2 protein chains.
Amino acid sequence: MGKITIRDVAREAGVSISTVSNALNDVDVLNPVTKSHVLKVAQRLNYVPNLNGKLLKTGKTNMLGFFTTSVSGPYFYKLVESMARECDRFGYGLNVFVTKDKHVVMSNILGRRVDGVIIYEELKIDEKDINAMKKDKIKAVFLDRVLQNETMGSVIFDSYEAGYEATKYLIGLGHKKIVYISGVDTMFDSVQRKEGYLAALNHYQLPTNEEYILQGYFEEEGTYNAVKSFLHLHPDKLPDAFLAGNDLSAIGCIQALKTHGYEVPLDISVMSFDDIDIAPYFTPPLTTVRNQIARQGILAIDHLVRMIQKKEQGVVQKLVGELIVRGSTHLKIDRNDHK
Amino acid sequence: MGKITIRDVAREAGVSISTVSNALNDVDVLNPVTKSHVLKVAQRLNYVPNLNGKLLKTGKTNMLGFFTTSVSGPYFYKLVESMARECDRFGYGLNVFVTKDKHVVMSNILGRRVDGVIIYEELKIDEKDINAMKKDKIKAVFLDRVLQNETMGSVIFDSYEAGYEATKYLIGLGHKKIVYISGVDTMFDSVQRKEGYLAALNHYQLPTNEEYILQGYFEEEGTYNAVKSFLHLHPDKLPDAFLAGNDLSAIGCIQALKTHGYEVPLDISVMSFDDIDIAPYFTPPLTTVRNQIARQGILAIDHLVRMIQKKEQGVVQKLVGELIVRGSTHLKIDRNDHK
DNA sequence: AAATAGCATAAAAACGTTTTCAATACAATA
DNA sequence: TATTGTATTGAAAACGTTTTTATGCTATTT
């Protein structure tokens, strides 16, 4: 005996399938005794509606899709956690697609696998696909990418401002030679922070320097290696401070400095972005620009749900960072007794 | 004009919908010229098949479901990342449901939202629901929970062994008073580790002590608070070492010890479980029992896919930990000049 | 020339629901 | 009594596919 369907319930209860459907979906048109009888039979048979049959008719999957190139690391787990919980709150499930294959992405989006989508910028969906989505009236919210029309919105961090403010703070501590550790040069946040960093240097009339921009790939190991090779190549150009693309990068940076015998923050200040969970527990505790990652996820889902259910227009929402001063930065000290 | 369907393609190409279906699905029964003509028309109309129509007929959603109470923290992001990538490799998408509502879980599982499911143990699916799944021949793999029958398998860590080995290692360093910081007492891994810890103490004829078992909830803050209050309540009962339920817990523990002026590992050793990404970058770098979290995810998906596609039986797979010695543990030192 | 086989395509059924609309029964009204 | 209205239920269409079966050819065989 296969899976039991609405038909089985109807037969067993001696009614039509439309009556069963009405009973299950609380359509108040039924005689109460019929309804309760049908429900009892459904219960007895352990009937569970096939969601696929249902959605084919209604056109609603009750699923939202998150399309991304990665879910690894503290940024993503905060994001996914907050989105998944918010979905659950609205009665949606979250579909996570981790892929770089645009065809997979588009066939799942246009194939109506989900009622709406959240798209991480690194996927770099192109103009043509954006138009296809627009034409099909796909509801979408982009993360870390500005895009707006009737059916699409964005939630971004003001990373330019964050980069500017962080740099300004370091300059305020007396630091002049500041190295920026970039993440990935194709990513919006990474370049925005760099732009802000450069603008701040400019504004305070400090020289910018190509050699003072490293590539750390937003993670510990990449940054560790980048900083080590920088220290090796330019032992004469020791900077006053490092501005790392995110907290993980700062952690790798600090570790590299330690192995070279430098003390953070007394010898060199390090600051970064995000304020991930372990930032206050690290030694030294990280000075960082806090990004409300969970908030980004929540805003994205809320916006998407409103676009779907209330036909709201897409908007761009910008989150501003908050400077969190902890122990990895310090006033510039001139040490003559330097080892 | 709404979404274009297979019917539109058929009309436009002047063929029947079955011909279109055959052309799109590479059924080699068609005249090559018909086929290429149909494909050209489909392309021109930007036709994308509705996956819901398809799956209703085929009964395959090409989705696997991950049902969990949380996706927060390093354990889960490793797990989700590895599962999602493995799914992508097999042409599946991953559906992540973060919920504690068993009804949501069961209606999505039994409602055939997905072709197979991965279930995190903390959900504690009960006997009745297990039977319902078994009856419906739902393919399932449980994480951190032992369960096996024709359609269900498990992937677990040997946490008893890990707890035993970790404790044995600490004892070998000369530590006698060892505090265990438990995670959550309803969770399999947490209690297994504790059992192993107790067994090791027993084996080496060291006393066990109820006061030496704290509750740290598997995260920094909970452990930080638990350790602080322990130190406050029992200043006389300072242990030689802490065995934390996971690395996050160790981080909170070390931080608490630092604020009380103790140095890790010279005054007190701390070790833990997992070996998360930042473990080697922490100060001190963490001695820990490595769990192959990504491997767990991969094994789970592979097993599930084989059960679905090759009708394989469910089995229990056990992953063993690996002791990683770093800087947070040290030989017991008797300091007479103790502050 | 009739029967058979093989190929390409079309028609129709099916998947499991929801929803629209028609049908029935019965009470209330004229 | 005939008519209308109301409450309840059932029949059938629809959602967009795949798949099974049927059909119409042409070519081959007898």
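It should be emphasised that the depicted structure is a prediction, and the values quoted were computed from it without experimental measurement. Convention: sequence-line order gives letters A, B, ...; per-chain numbering from 1.
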(message) I want to check one thing: is the phosphate of C:dT18, taken as OP1 and OP2, less than 4.0 Å away from some side-chain N or O of A:N25?
(response) yes

Mind checking [X] for me? I need base, sugar-phosphate or nothing, with any heavy atom below 4.0 Å counting as a touch.
X: A:S21; result: base
X: B:G14; result: sugar-phosphate
X: B:V29; result: base
X: A:N52; result: nothing

(message) Quick one, A:Y92 and A:I301 - any side-chain contact, counting heavy atoms below 4.5 Å?
(response) no

Identify, with sequence neighbours excluded, every residue that meets side-chain hydrogen bond (donor to acceptor under 3.5 Å, both in side chains) alongside [X].
X: B:E150; value: none
X: A:K139; value: none
X: A:D126; value: none

(message) Tell me every residue that passes side chain to side chain contact (heavy atoms under 4.5 Å, CB included) with A:D28, counting only those two or more places apart in sequence or in another chain.
(response) none

(message) So, using side chain to side chain contact (heavy atoms under 4.5 Å, CB included) as the criterion, who are the partners of A:D26 when residues are at least two apart?
(response) A:K35

(request) Can you sort out the partners of B:K60 under salt bridge (charged side-chain N to carboxylate O under 4.0 Å, His left out), two or more places apart, ordered by chain and number? (result) none

(message) Going by the rule salt bridge (charged side-chain N to carboxylate O under 4.0 Å, His left out), which residues pair with B:R306 if we only count those two or more places apart in sequence or in a different chain?
(response) B:E312

(request) Provide the start and end nucleotides, 5' to 3', of the part of DNA chain D that has atoms under 4.0 Å from heavy atoms of chain B. (result) D:dG16 to D:dT19

(message) For residues 48-77 of chain A, which residue pairs pass the ring-ring contact (aromatic ring centres under 6.0 Å, His included) check, not counting sequence neighbours?
(response) A:F67-A:F97, A:F76-A:Y120, A:Y77-B:Y77

(request) Between A:K54 and B:P32, name the one whose nearest nucleotide on DNA chain C is closer to the 5' end. (result) B:P32

(message) If I take atom CG in residue A:N31 and atom P in nucleotide C:dA25, what distance separates them, rounded to the nearest angstrom?
(response) 16 Å

(message) Taking the axis from the first five pairs and the axis from the last five, what angle separates them in the helix from C:dA1-D:dT30 to C:dA30-D:dT1, rounded to 10 degrees?
(response) 80°

(message) Within the 3.5 Å criterion, strictly below it, is a donor on A:S16 or A:S18 matched to an acceptor on the partner's side chain?
(response) yes

Show me the donor-acceptor pairs, under 3.5 Å and distance only, between side chains in residues 84-91 of chain A and residues at least two apart or in other chains.
{"residue": "A:R85", "atom": "NE", "partner": "A:E81", "partner atom": "OE2", "Å": "2.6"}
{"residue": "A:R85", "atom": "NH2", "partner": "A:E81", "partner atom": "OE2", "Å": "2.6"}
{"residue": "A:R85", "atom": "NH2", "partner": "B:T69", "partner atom": "O", "Å": "3.2"}
{"residue": "A:E86", "atom": "OE1", "partner": "A:R89", "partner atom": "NE", "Å": "3.3"}
{"residue": "A:E86", "atom": "OE2", "partner": "A:R89", "partner atom": "NE", "Å": "3.4"}
{"residue": "A:E86", "atom": "OE2", "partner": "A:R89", "partner atom": "NH2", "Å": "2.9"}
{"residue": "A:D88", "atom": "OD1", "partner": "B:T99", "partner atom": "OG1", "Å": "3.3"}
{"residue": "A:D88", "atom": "OD2", "partner": "B:T99", "partner atom": "OG1", "Å": "3.2"}

N/O-N/O pairs, protein side and nucleotides 11-13 of chain C side, under 3.5 Å:
{"residue": "C:dA11", "atom": "N7", "partner": "B:S18", "partner atom": "OG", "Å": "3.3"}
{"residue": "C:dA11", "atom": "N6", "partner": "B:S18", "partner atom": "OG", "Å": "3.1"}

